[in-house]
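Step one of this worksheet: look at the structure below.
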Amino acid sequence: MKKLFIILILAVIFLFSACSKESKFGIEQFTERMNSQFGTNYNTADFILGTDSEGEKYMLYEEGDTLISVSLDANGTIKGAALLVTDGGDIAGCIDTYKKVCCVLTGDDESTQSSTLTNCGITADKIKYADSNTVNTVGKYKYTAICNTSSVTLFCERA
């Protein structure tokens, strides 16, 4: 009877862990989640790998007037993402894409993420091509918007 109980407990633990999303994942899981949850057509091969002057790795993906940058840690897992839209680009569309990227990074649903971004002041009526910035930490994530007359950059990263 004890053996059966132990096997049952182990099976339940295994099944519960298999159902949860891992909080640390790479670019392949990121593109799969974006494609399945939001109907995007991101392809891992379309992301360009780069290294900055300090040896930090990142991946870039250009879509129209928006540039998505995903920063990676030493193990190749995503630690944050940024979206850049240049002057004349669709800020509302960029914020919508940013919301979706944040959903994938944080594991939140769209309504929760919309509420978080609204509370952080990251909305289409508040983000403009003008000098301003905002930084907010909500739970384990930091949401940043840096705006100037030429571009708007939105960051979401683990705090």
Side-chain angles (χ1 to χ4, degrees), residues 20-159:
S20 66
K21 286 186 178 178
E22 59 185 297
S23 62
K24 294 184 178 184
F25 52 90
I27 195 70
E28 184 173 344
Q29 293 85 1
F30 173 79
T31 58
E32 287 174 3
R33 291 177 187 179
M34 286 294 292
N35 293 343
S36 67
Q37 291 177 19
F38 302 109
T40 59
N41 292 315
Y42 296 150
N43 185 351
T44 305
D46 294 335
F47 282 79
I48 300 168
L49 178 64
T51 306
D52 67 14
S53 60
E54 296 175 4
E56 297 284 325
K57 292 185 179 184
Y58 57 87
M59 300 199 80
L60 300 173
Y61 178 82
E62 185 177 2
E63 181 179 50
D65 57 5
T66 303
L67 178 70
I68 299 173
S69 173
V70 179
S71 58
L72 306 172
D73 65 12
N75 298 322
T77 58
I78 296 173
K79 53 183 187 174
L83 275 78
L84 169 86
V85 62
T86 55
D87 187 20
D90 178 21
I91 292 176
C94 180
I95 291 174
D96 185 57
T97 302
Y98 176 67
K99 175 181 67 175
K100 293 172 182 176
V101 168
C102 291
C103 285
V104 170
L105 293 179
T106 64
D108 289 339
D109 60 38
E110 278 191 86
S111 63
T112 303
Q113 197 61 62
S114 290
S115 176
T116 299
L117 295 180
T118 300
N119 292 338
C120 291
I122 301 176
T123 60
D125 51 326
K126 292 185 180 178
I127 300 293
K128 304 287 182 202
Y129 291 109
D131 289 336
S132 68
N133 63 54
T134 180
V135 178
N136 295 284
T137 301
V138 179
K140 298 187 298 186
Y141 294 91
K142 183 167 60 169
Y143 300 89
T144 307
I146 299 175
C147 310
N148 59 44
T149 56
S150 302
S151 66
V152 170
T153 307
L154 307 170
F155 297 93
C156 178
E157 57 192 347
R158 284 191 207 107

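These numbers were taken from a predicted model, which means no experiment stands behind them. Start at 1 with the first residue, then count along the sequence.
- At a threshold of 4.5 Å between non-hydrogen side-chain atoms, the residues F38 and K99 do not count as touching.
- If you take CZ on R158 and CG on D73, they are separated by 7.0 Å, rounding to the nearest 0.5 Å.
- A pairwise comparison of heavy atoms in A82 and T153 identifies CB-CG2, 4.4 Å as the closest pair.
- Within the 4.5 Å cutoff, side-chain heavy atoms of L117 are placed close to those of Q113.
- With contacts defined as side-chain heavy-atom distances shorter than 4.5 Å, the pair C147/I127 qualifies.
- I95 pairs with exactly one of D90, L154, T123, V85 by the side chain to side chain contact (heavy atoms under 4.5 Å, CB included) rule, that one being L154.
- Using a 4.5 Å heavy-atom threshold, the side chains of M59 and F30 count as separate.
- Exactly one residue among T31, L60, L105, I78 makes a side chain to side chain contact (heavy atoms under 4.5 Å, CB included) with V70. That residue is I78.
- Although no hydrogens or angles enter the test, the distance criterion places no donor-acceptor pair under 3.5 Å between the side chain of N75 and the main chain of T77.
- Under the side chain to side chain contact (heavy atoms under 4.5 Å, CB included) rule, Y129 has a single partner from D87, T149, T86, which is D87.
- Counting only heavy atoms from C-beta outward, the side chains of V138 and C120 approach each other to under 4.5 Å.
- Between K142 and V135 the shortest heavy-atom distance is CD-CG1, 3.8 Å.
- Other residues, nucleotides and ligands contribute more than 12 heavy atoms inside 6.0 Å of the CD atom of E32.
- Donor-acceptor pairing under 3.5 Å is lacking for the side chains of S71 and E157.
- In this structure, Y98 contributes its side chain and F155 its backbone to a donor-acceptor pair below 3.5 Å.
- D96 places no side-chain N or O within donor-acceptor distance of the main-chain N or O of A92, the cut-off being under 3.5 Å.
- Residue D125 holds its CG atom at 6.0 Å from NZ of K128, rounded to the nearest 0.5 Å.
- The backbone N or O of T112 sits less than 3.5 Å from a side-chain atom of T116, completing a donor-acceptor pair.
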